[in-house]
Amino acid sequence: MKMSRFLLPIPAALALALAACGGGADSSNDGDNAAAEADRAAETAGTMPPAATPAPAAASAATAMATLQPTAGNQTAGELRFAVVDGRIEVTGTVTGLPGGGTHGFHVHETGDCSAPDATSAGGHFNPGSTDHGRVGQGAHHGGDSDNITAGADGTAQVKGWLEGVTLGDGAATDVVGKGVIVHKDADDYVTQPTGNAGDRLACGVIQAG
Ligand code: CU
Ligand code: ZN
């Protein structure tokens, strides 16, 4: 996305709008999305304090939220909270509108874009370490891999999972803030590459600091 270099002098609002459109138009091109985000970061850098400030303290203090909304034809929704606990990111919350008793794949995905009716706009699993898909805590896995969630008879799942190999709110390439969260129709088998064979996307949200 070399073009975006030429956007830097024009008003921030327009540059942001163009960058957002570019990101949504082609979710398969991660490089472009990353470049757009970097450009946006560069654009605001002039008004921000020196880069020396945040890092470790900010990362350990950070929290984030995500609101899950149903994809087309589904009723799955939820509220999630992310917090750094003992050096990993805990994910807690509630997901409703799931098929009763079902087990469902649950991941952080690489793009915080839920605009597609089937949420394919969120891209694949967030994978900053360029590793294989797997199960968190058990060998190689994507940074966005978290354990399956299981709904009770009422279709509600209490989420208490975690992420490893990623960070929260530090602005690094591993930062999950701004990424997507997906609840899938089927269970993740923790083996099949690169998706865990978890099927369609029932709900999608964007991780937001706060
Ligand atoms: Cu997923
Ligand atoms: Zn994965």
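For ligands, and for the atoms within them, numbers begin at 1 and follow the listed sequence.
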- Would you mind checking if Lys160 and Glu90 are paired as a salt bridge, meaning a charged N to carboxylate O distance below 4.0 Å? yes
- Query: So, are Arg135 and Asp145 salt-bridged, with charged N and O less than 4.0 Å apart?
  - Reply: no
- Message: So, of the N/O/S atoms that His109 has, which is the nearest one to the Cu ion (ligand 1)?
- Response: NE2
- The N/O/S atom of His107 lying closest to the Cu ion (ligand 1) is ND1
- Side-chain donor-acceptor pair present, Asp113, Ser115, cut-off under 3.5 Å: yes
Answer yes or no for [X]: is there an N/O/S atom below the 2.8 Å cut-off from the Zn ion (ligand 2)?
{"X": "Asp145", "value": "yes"}
{"X": "His125", "value": "yes"}
{"X": "His133", "value": "yes"}

- Sole residue of Thr76, Val159, Leu80, Leu202 in side chain to side chain contact (heavy atoms under 4.5 Å, CB included) with Leu68: Leu80
- Of all N/O/S atoms in His142, which lies nearest to the Zn ion (ligand 2)? ND1
- Message: Quick check on side-chain hydrogen bond (donor to acceptor under 3.5 Å, both in side chains): which of His184, His142, Arg201, His133 does His107 satisfy it with?
- Response: His184
